[in-house]
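Keep in mind that what you see is a predicted model, and the values were worked out from it rather than measured. Each chain gets a letter, A, B and so on, in the order the sequences are listed, and its residues count up from 1. Heavy-atom basis, side chains included; hydrogens, waters and symmetry copies ignored.
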Amino acid sequence: MLKIATWNVNSLKVRLPQVLQWLADNPVDVLAVQETKMTDDKFPQAEIEAAGFHVVFSGQKTYNGVAIIARHPIEDVVKNNPLFLDEQQRLLTATVAGIRIVCAYIPNGQSLESDKYQYKLKWLDALHDYLDSERKLHTNLALLGDYNIAPEDRDVYDPAAWIGENLVSPPERAAFVRLQHLELIDAFRLFDQAEKLYSWWDYRRMGFRLNRGMRIDHILLSPPLAARCTACVIDKVPRKWEQPSDHAPVIATLSA
DNA sequence: ATGGCGGCACAATGCCGA
């Protein structure tokens, strides 16, 4: 049995104790981390390794930054998308326990009028092409991360209020569908799930207490991994801790 | 209608996130 997870920690400097606590509490084999918000020289590699994990990372100052933490050796690491020149550190790929792990922090987009939105769509287009090449090299392929896309209205607390907005706009959702056309399957939707389950809640307006959230963190699996997947859950526990990230971890369980 | 929280920085207000 293997558990793979993703968590946007919103600053690893602030959240490192919570990440280590969560890893101690949860027997996950791989954790894809987004928004480390630190340069590589500041990365807490020694602390994570001292806790018994392997780790690789690709960061920058203030924004973005991704990492892969694993209980097993990490091999064949690739930083960024070879098909997309990008100064922002948002993509990290590595092989762990025979699975090609792609950790992605997909751009937020800000608003449909923003240049950042155009960047988001271009980034998604390049991600699609990169995954199309990766899936031909690796039958066991998993894309984990903060997608900044709520795929369907049931992934949004108030769909009527969000029609056409950033995170749900048709071009973004089409990009998500295009990833699925690469035979990448949304692990969460492999199973019957309760209604109103989300992975992010706004810090403001009591978003979490009122469960005003969005499901924007996802785990997509290639067919052999989807066939092994026995569960996919969102862990709301760390969102209830003091000084939490605004995102919750998502965990997929794979049978041996 | 606006911003409301939280993290960060050539910080003491402005930016970005989602």
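Rounded to a whole Å, the CG atom of A/D246 is 7 Å from the C1' atom of B/dG17. When rounded to the nearest whole Å, the span between OH of A/Y63 and P of B/dA18 equals 12 Å. Rounding to whole angstrom units, CZ of residue A/R204 and P of B/dG4 are separated by 7 Å. Summarising the geometry, the separation between CZ on A/R215 and P on B/dA18 is reported as 16 Å, rounded to the nearest angstrom. Atom-to-atom, CG of A/L16 to P of B/dG7 comes out at 14 Å; the value is rounded to the nearest Å. Nucleotide B/dG17 holds its P atom 11 Å from the CG atom of A/L167, rounded to whole Å. With rounding to whole Å, A/K61 atom NZ is found 16 Å from B/dC16 atom P. The distance from atom CG of A/D217 to atom C1' of B/dG17 is 13 Å, rounded to the nearest whole Å.
Look at the P atom in both B/dG14 and B/dA18: the space between them is 22 Å, to the nearest Å. For the P atoms, the distance linking B/dT13 with B/dA1 amounts to 29 Å, nearest Å. B/dC16 and B/dG4 are spaced 16 Å apart, taking the C1' atom of each and rounding to whole Å. Nucleotides B/dG3 and B/dC8, compared at atom P, are 23 Å apart to the nearest Å. For the P atom pair drawn from B/dT2 and B/dA11, the interatomic distance equals 31 Å after rounding to whole Å. Between B/dC10 and B/dG6, the distance separating the two P atoms is 23 Å to the nearest Å.
Nucleic acid contact for A/Y105: sugar-phosphate only, since backbone atoms but no base atoms lie under 4.0 Å from a heavy atom of the residue. Within 4.0 Å (heavy atoms only), A/N148 reaches sugar-phosphate atoms of the nucleic acid but no base atom. Using a 4.0 Å heavy-atom cutoff across all strands shown, A/D146 reaches sugar-phosphate atoms only and no base atom. Counting non-hydrogen atoms under 4.0 angstrom, A/Q110 reaches a base of the nucleic acid. Residue contacts shown for A/R212 are absent, as no nucleic acid heavy atom lies under 4.0 Å away.
Of the listed nucleotides (B/dC8, B/dA18, B/dG17), B/dA18 has the atom at the smallest distance from the side chain of A/H247. Side-chain atoms of A/V14 lie closest to B/dC8 of the nucleotides B/dC8, B/dC5, B/dA18. Of the candidates B/dC15, B/dC8, B/dA18, the closest approach to any side-chain atom of A/K37 belongs to B/dC8. Here the side chain of A/Q243 is nearest to one of B/dA18, B/dA9, B/dG7, namely B/dG7. Nearest nucleotide to the A/I216 side chain, out of B/dC8, B/dC5, B/dA18: B/dA18. Closest to the A/K116 side chain, of the nucleotides B/dA9, B/dG6, B/dC16, is B/dC16. With B/dG4, B/dG17, B/dC16 as the candidates, the nucleotide lying closest to the side chain of A/R205 is B/dG4.
Comparing A/I106 and A/Y203, the nucleotide of DNA chain B nearest to each residue sits closer to the 5' end for A/Y203.
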Legend entry - Residue pair A/W22, A/D235: steps toward the side-chain hydrogen bond (donor to acceptor under 3.5 Å, both in side chains) verdict: CA-CA 10 Å; A/W22 189 79; A/D235 182 10; 2.7 Å; yes
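Of the possible polar contacts, one joining the A/S199 side chain to the A/I216 backbone as a donor-acceptor pair under 3.5 Å is found. Within the 3.5 Å criterion, the main-chain N or O of A/E242 finds a donor-acceptor partner in the side chain of A/Q18. Judged purely by atom type and a 3.5 angstrom limit, A/D129 has no side-chain atom pairing as donor or acceptor with the backbone of A/A126.
Within the 4.5 Å cutoff, the side chain of A/Q89 has no heavy atoms near those of the A/D40 side chain.
Contact between the side-chain N/O atoms of A/K13 and the OP1/OP2 oxygens of B/dA9 is not found at any separation under 4.0 Å. Contact annotation: A/R15 side-chain N/O to B/dG7 OP1/OP2 distance is under 4.0 Å. Put simply, A/N8 has a side-chain N or O that comes within less than 4.0 Å of OP1 or OP2 on B/dA18. Contact annotation: A/S11 side-chain N/O to B/dC8 OP1/OP2 distance is under 4.0 Å.
For A/Y198 and A/Y157, the distance between ring centers is not under 6.0 angstrom.
Taken from CZ in A/R90 to CD in A/Q34, the straight-line distance is 11.0 Å, to the nearest 0.5 Å.
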